[in-house]
Amino acid sequence: MPESDTTPTLDFIREIVADDLKAGKHAVVVTRFPPEPNGYLHIGHAKSICLNFGIAAQFGGRCHLRYDDTNPTKEEMEYIESIERDVRWLGFDWGAHLYFASDYFEQMYAWAELLVTKGKAYVCDCTPDEVRARRGTLTEAGRPGAHRDRPAAESLDLFRRMRAGEFPDGSRVVRARIDMASGNVNMRDPVIYRILHAAHPHVGDAWCVYPMYDYAHPLEDAIERITHSICTLEFEDHRPFYDWVIDECEIAEPHPRQIEFARLNLTNTVMSKRKLLQLVQERLVRGWDDPRMPTISGLRRRGVPPAAIRDFADRIGVAKRDSTVDVQLLEHCVREELNARAPRRMAVLRPVRLVIDNYPEGEHEKFEVVNNPEDPAAGTRQVEFGQTLWIEQDDVRETPPPKYWRLFPGNEVRLRSAYLVRCTGVVKDASGAIVEVHATYDPASSGGNAPDGRKVKSTIHWVAADHAVEAEVRLYDHLFPAADPGAVPEGTDWKTGINPASEEVLSGCRLEAALAGVGVGERCQFERVGYFVVDPDSTAGRPVFNRIVTLKDTWARIEKKQG
RNA sequence: UGGGGCGUCGGCAAACUGGUAAGCCACGGGACUUUGGAUCCCGCAAUUGCAGGUUCGAGCCCUGCCGCCCCAGCCA
C-alpha cells in the first residue's frame with residue numbers, strides 16, 4: 001500500500017458527492033435528514049444525522065431537517081420537539097432549513113392531478129383486500145383492476161371529491177399507473193394517495209387525503225432541491241418509483257439522486273422501534289431516556305458526550321454491507337473523549353472505614369490534587385484528609401489472592417495524593433465481613449511519596465469521613481448480555497434476554513466534598529472506577545450519579561481468569 | 001422457482017479503479033505509571049465465500065456455484 005497517501009479515503013457516498021461536484025452537476029450539495037415524527041431518535045438515526053450533516057459541512061453545502069409527516073395517524077407534536085432537541089444536542093444546525101412535508105401538500109396534490117390528467121395515475125375504488133389480492137405475489141404478476149382504465153376525467157373528478165371529503169376512509173385511493181406485472185412489487189400501481197379523516201399535528205384538519213411516502217418523498221426532495229437523498233438499504237427497491245415520480249412530475253434538472261446505505265446495528269442492543277416501545281411501555285426501563293436505551297435521549301442521560309457519538313459515526317464508516325458494530329467501539333469513543341475532558345474526583349461506592357491509628361485524632365489537613373493528569377490546564381483542587389477515611393471494600397482483603405496489591409495486613413499502599421499507609425489489621429462482623437480497617441501512616445510521605453524512595457505497587461482512592469457527601473450511584477451495564485439479543489430460541493420472548501443486573505442502584509456512596517454542588521449533566525471520572533454523570537433525579541443535598549462507562553480494568557481481567 | 005442488494009481478519013472497514021491485502025475496535029504479550037487509568041511498543045488475513053478462466057500480474061475482469069439481507073401496508 002502507498003504510505004504517502006495522506007488524504008483520507010472517502011466512503012462510497014462521499015465519493016459520489018465529490019464526483020458530482022467535480023463534474024459540475026450541482027453548484028452546492030444539499031442533503032436532508034427526514035425523520036417521521038412518530039418516535040424517538042436512536043443511535044441508528046445518529047449515524048444518518050452525522051452522515052447527512054457531515055457531508056453538507058464537508059462539501060460546503062447545507063443539510064435540511066425535514067419532518068416526513070405524511071401519516072397523521074402516527075405522528076405527534078411530542079416527537080417533533082424531541083427530534084429537534086436531539087439533533088441540536090448532537091451538535092448539528094439546520095439554520096433556517098426546517099421543513100415539514102405537510103407544508104408541501106398543496107403542491108403534491110397539484111402534481112397528483114397532473115399525473116391523473118396525463119393518464120399516469122387513476123382513482124381505484126377497490127378495498128384494501130382487493131388491492132392486495134390483485135397485487136400478485138413475489139413470483140406471480142399482479143392483475144389490473146377494473147378501475148385502471150377509467151377515463152382521466154372521471155378519475156380527476158373522483159380525486160377532487162376525495163379531497164372534498166365526500167368519501168369515507170379506505171373507500172378509494174389514487175394509484176400510479178405503471179406495470180402490474182413488474183418483478184418489482186413496488187411498481188405494481190402503487191398507491192399514492194389515501195383518504196384519512198384525521199387531524200394532522202402540523203397542518204390540523206386542512207386535509208383528508210394524504211400522500212404516501214413513496215410518492216411524497218421524491219417530491220419533498222425535489223421541492224427543496226436536494227442533491228443527494230440518502231436513505232437505508234430497504235428503500236433500494238423503491239428507487240425506480242422515486243425516479244418515476246420525479247420524471248413524470250416533470251421536475252427540472254438536476255434531479256435528486258437517492259443513495260442507499262446500510263443501517264447501523266449494534267451488539268448487545270435492540271434498535272427496532274417496536275422493541276424499544278415495548279421496553280418503555282412494559283416498564284422494563286425507566287423510560288425513553290433510560291440510560292440503558294440506545295435512544296439519543298437515553299445516551300444523553302447516560303452521560304455519553306455528543307462528540308463521542310460523532311467520533312463513533314466517523315469510525316464505523318458507511319457502506320452497503322449489512323453489519324453489526326461492536327458496542328465496545330462506542331464505549332471506546334466515550335472513554336477517549338472523557339479521558340481528555342472529564343475532571344477527576346474521588347468517590348467511594350461501597351465504603352468501608354479506614355482508621356489511621358497513628359494520625360492525630362481530630363486533626364485535618366488539605367492536599368492539593370490534580371484535576372486531570374491528561375490536561376494540566378484543568379488545574380488542581382484542595383481535598384480534605386483526616387484520621388478516618390472511607391475506602392472501597394474492594395480495595396481490602398484479609399488474605400490477598402495472587403497478584404492482589406491493595407490493602408491487606410502488612411501491605412503498604414498509597415492513598416492517592418496523600419500518604420503511604422500500611423495495613424495493621426481488619427475488624428470483621430459476625431458474618432466475617434470486613435467492617436473496619438486499621439493502618440498506620442508514614443508522616444514523611446506527605447503527598448504520596450516517601451523520602452527514601454521506596455515504591456508501593458498500588459494507589460487507592462479515599463474520602464475523608466468528616467467531609468464526605470452522600471450520594472446515590474447507578475451502575476449501568478448492557479441491557480442485553482448477548483451480542484445478538486434478537487437471536488433467541490423459537491418460541492422464546494426476546495425480553496427474557498434482558499440483563500436483570502443492567503442497573504444496580506447503590507446508596508450510601510461517599511464522595512469528596514468538591515462534588516457537593518454539581519449540576520445535572522456534569523460529567524467526571526471517579527478515579528479508578530469509571531466515568532459518571534449527574535442524573536436529573538438528583539435533589540439538593542443528594543446527588544444521583546449514573547455510570548457512563550467503567551475504566552478499563554486490568555485487575556478485573558486477572559480476577560476473571562483466576563475464576 | 002420473481003425482483004433488488006451484499007460476501008475482505010473475531011467485529012467494523014480500506015485498497016489511488018489490474019500492480020502484489022491500510023487503519024480502528026476486540027483479543028494476547030511487554031514497557032512505563034502517584035488511577036491495575038492514560039500512554040507507548042510487539043503480535044494478530046501466505047490471502048479476500050467456493051471453483052474454474054483471462055492476464056506477466058486478479059480482492060478488483062469473465063463464467064458457474066454457494067451463502068446472507070430486503071420486498072407482496074391505504075406504514076415510513
Side-chain angles (χ1 to χ4, degrees), chain A residues 1-3 5 7-9 11 34-36 38 68 70-71 73-75 124 126-128 131-132 135-142 169-175 181-188 190-196 210 212-214 216-217 231-240 260 262 267 273 315-333 335-336 339-340 344 346 369-370 372-374 403-406 414-418 420 447-449 455-461 483 525-530 550-558:
Chain A
M1 285 301 97
E3 291 146 38
D5 193 349
T7 45
T9 58
D11 59 67
E36 182 189 16
N38 72 341
D68 208 351
T70 57
N71 185 351
T73 65
K74 295 192 172 175
E75 295 150 10
C124 176
C126 291
T127 65
V131 170
R132 192 177 313 119
R135 186 151 33 219
T137 68
L138 295 181
T139 51
E140 294 165 35
D169 289 7
S171 59
R172 276 174 234 270
V173 290
V174 5
R175 298 225 246 165
S182 173
N184 182 348
V185 186
N186 294 296
M187 297 300 267
R188 320 238 262 231
V191 172
I192 64 174
Y193 266 93
R194 71 305 208 172
I195 301 171
L196 248 26
Y210 290 92
M212 296 285 291
Y213 167 87
D214 281 330
H217 206 88
C231 63
T232 44
L233 253 26
E234 68 269 26
F235 292 104
E236 220 152 11
D237 287 344
H238 300 234
R239 192 173 59 226
E260 311 84 11
T267 63
K273 263 179 191 171
R315 292 192 195 215
I316 58 178
V318 179
K320 294 192 70 159
R321 190 186 324 182
D322 286 315
S323 62
T324 303
V325 175
D326 195 331
V327 72
Q328 288 181 105
L329 177 57
L330 208 212
E331 291 164 358
H332 173 264
C333 294
R335 287 193 186 98
E336 192 168 85
N339 177 50
R344 268 96 247 235
M346 289 197 284
V369 180
V370 166
N372 185 349
E374 302 296 317
K403 298 203 179 148
Y404 184 90
W405 306 324
R406 282 113 92 148
R414 174 167 33 242
L415 295 175
R416 173 79 160 151
S417 304
L420 262 30
N449 276 320
K455 302 282 188 193
V456 291
K457 291 201 83 168
S458 185
T459 297
I460 67 173
H461 57 99
Q525 183 196 101
F526 290 171
E527 291 223 29
R528 301 208 306 134
V529 180
T550 60
L551 253 26
K552 281 205 240 165
D553 189 346
T554 307
W555 168 244
R557 201 166 297 173
I558 295 170

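Remember, it's a predicted structure, so these values are computed and weren't measured experimentally. So that the names make sense, note that chain A is the first sequence line, chain B the second, and so on, each numbered from 1.
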A.B. asks: Is the shortest side-chain N/O distance from A:Arg557 to OP1 or OP2 of B:G28 below 4.0 Å?
C.D. replies: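 So the side chain of A:Arg557 is within the cut-off, an N or O lying under 4.0 Å from OP1 or OP2 of B:G28.
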
A.B. asks: Please determine whether a side-chain nitrogen or oxygen atom of A:Arg194 lies at a distance below 4.0 Å from atom OP1 or OP2 of B:A76.
C.D. replies: yes

A.B. asks: Would you say A:His461 reaches B:U35's phosphate, i.e. side-chain N/O to OP1/OP2 under 4.0 Å?
C.D. replies: no

A.B. asks: Heavy atoms only, 4.0 Å cut-off, all strands: where does A:Lys457 land among base, sugar-phosphate and nothing?
C.D. replies: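 No contact.
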
A.B. asks: Just compare B:U8, B:U35, B:C71 and give me whichever is closest to any side-chain atom of A:Leu551.
C.D. replies: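 When the side chain of A:Leu551 is considered, B:U35 is the closest of B:U8, B:U35, B:C71.
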
A.B. asks: Between P on B:G5 and CG on A:Leu233, what's the gap in Å once rounded to a whole number?
C.D. replies: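 Roughly 10 Å, once rounded to whole Å.
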
A.B. asks: By the 4.0 Å heavy-atom rule, please label A:Met187 as base, sugar-phosphate, or nothing.
C.D. replies: nothing

A.B. asks: Donor-acceptor pair, A:Thr267 side chain versus A:Val327 backbone, under 3.5 Å?
C.D. replies: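 Checked: pair present.
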
A.B. asks: With no hydrogens and no angle check, is any side-chain donor or acceptor of A:Glu336 less than 3.5 Å from a backbone partner on A:His332?
C.D. replies: no

A.B. asks: B:G73, OP1 or OP2 - any side-chain N/O from A:Arg132 closer than 4.0 Å?
C.D. replies: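 Checking A:Arg132 against B:G73: at least one side-chain N or O falls below 4.0 Å of OP1 or OP2.
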
A.B. asks: Check every strand shown and say whether A:Arg135 touches a base, only sugar-phosphate, or nothing at a heavy-atom separation below 4.0 Å.
C.D. replies: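 Result for A:Arg135 = sugar-phosphate.
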
A.B. asks: Check this for me: does any side-chain nitrogen of one of A:Lys74 and A:Glu36 sit under 4.0 Å from a carboxylate oxygen of the other?
C.D. replies: no

A.B. asks: For B:G73, measure the glycosidic angle (O4'-C1'-N9-C4 for a purine, O4'-C1'-N1-C2 for a pyrimidine) and name it syn if it falls within 90° of 0, otherwise anti.
C.D. replies: syn

A.B. asks: Quick check for you: among B:G36, B:A72, B:A26, whose closest atom lies nearest to any side-chain atom of A:Trp555?
C.D. replies: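 For A:Trp555, the side-chain atoms sit closest to B:G36.
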
A.B. asks: Need one value for A:Pro373: base, sugar-phosphate or nothing, where a base atom within 4.0 Å counts as base even if backbone is also close, heavy atoms only.
C.D. replies: base

A.B. asks: Between atom CZ in A:Arg416 and atom C1' in B:U33, what is the gap in whole Å?
C.D. replies: 10 Å

A.B. asks: At 4.0 Å (heavy atoms only), tell me whether A:Arg188 reaches a base, stays on the sugar-phosphate, or touches nothing.
C.D. replies: nothing

A.B. asks: Return no unless some side-chain N or O of A:Arg528 is found under 4.0 Å from OP1 or OP2 of B:G36.
C.D. replies: yes

A.B. asks: Under 4.0 angstrom, heavy atoms only, what part of the nucleic acid is A:Val191 near: base, sugar-phosphate, or nothing?
C.D. replies: sugar-phosphate

A.B. asks: Give me the distance, rounded to whole Å, that separates B:G37 from B:A76 when you measure between the C1' atoms they each carry.
C.D. replies: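 The answer is 45 Å between these two C1' atoms.
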
A.B. asks: Could you work out which one of B:G36, B:A14, B:A76 sits closest to the side chain of A:Tyr404?
C.D. replies: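 For the A:Tyr404 side chain, the nearest candidate turns out to be B:G36.
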
A.B. asks: Determine whether a donor-acceptor pair (N or O, by modelled atom type, separation under 3.5 Å) exists between the side chain of A:Thr232 and the backbone of A:Glu234.
C.D. replies: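 Checking the backbone N and O of A:Glu234 against the side chain of A:Thr232, no donor-acceptor pair under 3.5 Å is found.
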
A.B. asks: Which part of the nucleic acid does A:Ser417 contact within heavy-atom distance under 4.0 Å: base, sugar-phosphate only, or nothing?
C.D. replies: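 If one applies the 4.0 Å heavy-atom cut-off, A:Ser417 turns out to touch a base.
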
A.B. asks: Just to confirm, is there a sub-4.0 Å distance from OP1 or OP2 of B:A38 to any side-chain nitrogen or oxygen of A:Lys552?
C.D. replies: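 Answer is yes, contact under 4.0 Å.
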
A.B. asks: Nearest to the A:Gln328 side chain among B:A13, B:C74, B:C25, which nucleotide is it?
C.D. replies: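 Looking only at side-chain atoms, A:Gln328 lies closest to B:C25.
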
A.B. asks: Students often get this wrong, so: under 4.0 angstrom with heavy atoms, is A:Cys124 touching a base, only sugar-phosphate, or nothing?
C.D. replies: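 Nothing: the residue A:Cys124, judged by heavy atoms under 4.0 Å, touches no strand.
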
A.B. asks: Determine whether a donor-acceptor pair (N or O, by modelled atom type, separation under 3.5 Å) exists between the side chain of A:Arg315 and the backbone of A:Leu330.
C.D. replies: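 Such a contact is absent between A:Arg315 side chain and A:Leu330 backbone.
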
A.B. asks: Once hydrogens and angles are ignored, does a donor-acceptor distance under 3.5 Å link the base of B:U39 to the side chain of A:Glu374?
C.D. replies: no

A.B. asks: Just do the side-chain contact (heavy atoms from CB on, under 4.5 Å) check on A:Arg528 and A:Ile460 with the steps written out, would you?
C.D. replies: CA-CA 8 Å; A:Arg528 301 208 306 134; A:Ile460 67 173; 3.5 Å; yes

A.B. asks: Whole Å only: how far is the CG atom of A:Asp237 from the P atom of B:G2?
C.D. replies: 15 Å

A.B. asks: Please classify the nucleic acid contact of A:Thr127 as base, sugar-phosphate, or nothing, using heavy-atom distances under 4.0 Å.
C.D. replies: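 If one applies the 4.0 Å heavy-atom cut-off, A:Thr127 turns out to touch a base.
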
A.B. asks: Please work out if A:Val174 contacts a base, only the sugar-phosphate, or nothing of the nucleic acid, heavy-atom cut-off 4.0 Å.
C.D. replies: nothing

A.B. asks: Give the rounded distance in Å between these two atoms: NE2 of A:His217 and P of B:G73.
C.D. replies: 21 Å

A.B. asks: Start at the 5' end of RNA chain B and walk down; is the nucleotide closest to A:Leu138 or to A:Asn71 reached first?
C.D. replies: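 On the 5' side of the pair lies A:Leu138.
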
A.B. asks: Pick base, sugar-phosphate or nothing for A:Asn449, based on heavy-atom distances below 4.0 Å to the nucleic acid.
C.D. replies: base

A.B. asks: Given B:A76, is OP1 or OP2 found less than 4.0 Å from the side-chain N or O atoms of A:Thr70?
C.D. replies: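 Yes, such a contact exists.
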
A.B. asks: Within the structure shown, what part of the strands sits under 4.0 Å from A:Ile460 by heavy-atom distance: base, sugar-phosphate, or nothing?
C.D. replies: nothing

A.B. asks: Mind calculating the distance between CG (A:Asp326) and P (B:C27) to the nearest angstrom?
C.D. replies: 9 Å

A.B. asks: Can you see if the side chain of A:Ser323 gets near the phosphate of B:A13 - specifically, an N or O under 4.0 Å from OP1 or OP2?
C.D. replies: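 A:Ser323 to B:A13 OP1/OP2: side-chain N or O found under 4.0 Å.
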
A.B. asks: The side chain of A:Ile316 is closest to which nucleotide in this list: B:G73, B:C12, B:G5?
C.D. replies: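 So the nucleotide nearest the side chain must be B:C12.
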
A.B. asks: May I have the distance from A:Glu260 (atom CD) to B:G4 (atom C1'), rounded to whole angstrom?
C.D. replies: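 Distance check: A:Glu260 CD to B:G4 C1' gives 10 Å.
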
A.B. asks: So, is A:Thr554 near the phosphate of B:G37, with a side-chain N or O under 4.0 Å from OP1 or OP2?
C.D. replies: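 For A:Thr554, the contact criterion (side-chain N or O under 4.0 Å from OP1 or OP2 of B:G37) is met.
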
A.B. asks: Given atom OH of A:Tyr210 and atom P of B:G73, what is their separation to the nearest angstrom?
C.D. replies: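 Going from OH in A:Tyr210 over to P in B:G73 covers 23 Å.
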
A.B. asks: Counting only N and O atoms by type, is there a donor-acceptor contact under 3.5 Å from the side chain of A:Arg188 to the main-chain atoms of A:Arg135?
C.D. replies: yes

A.B. asks: Which residues pass the ring pair (Phe, Tyr, Trp, His ring centres under 6.0 Å) test with A:His238, sequence neighbours left out?
C.D. replies: A:Phe235

A.B. asks: When the C1' atoms of B:A45 and B:A14 are considered, how many whole Å apart are they?
C.D. replies: 14 Å

A.B. asks: I'd like to know if A:Arg406 reaches the base of B:G36 with its side chain, counting only an N/O donor and acceptor under 3.5 Å.
C.D. replies: yes

A.B. asks: Of A:Asn186 and A:Phe526, whose closest RNA chain B nucleotide lies nearer the 5' terminus?
C.D. replies: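 By nearest-heavy-atom nucleotide position, the 5'-most residue is A:Phe526.
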
A.B. asks: Enter syn or anti for the glycosidic conformation of B:U17, syn applying to angles within 90° of 0.
C.D. replies: syn

A.B. asks: Using a 4.0 Å heavy-atom cut-off across all strands, classify A:Arg321 as base, sugar-phosphate, or nothing.
C.D. replies: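 Contact class for A:Arg321: base.
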
A.B. asks: Distance check needed: B:A72 C1' versus A:Glu140 CD, whole Å only.
C.D. replies: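 Those two atoms, CD and C1', are 11 Å apart.
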
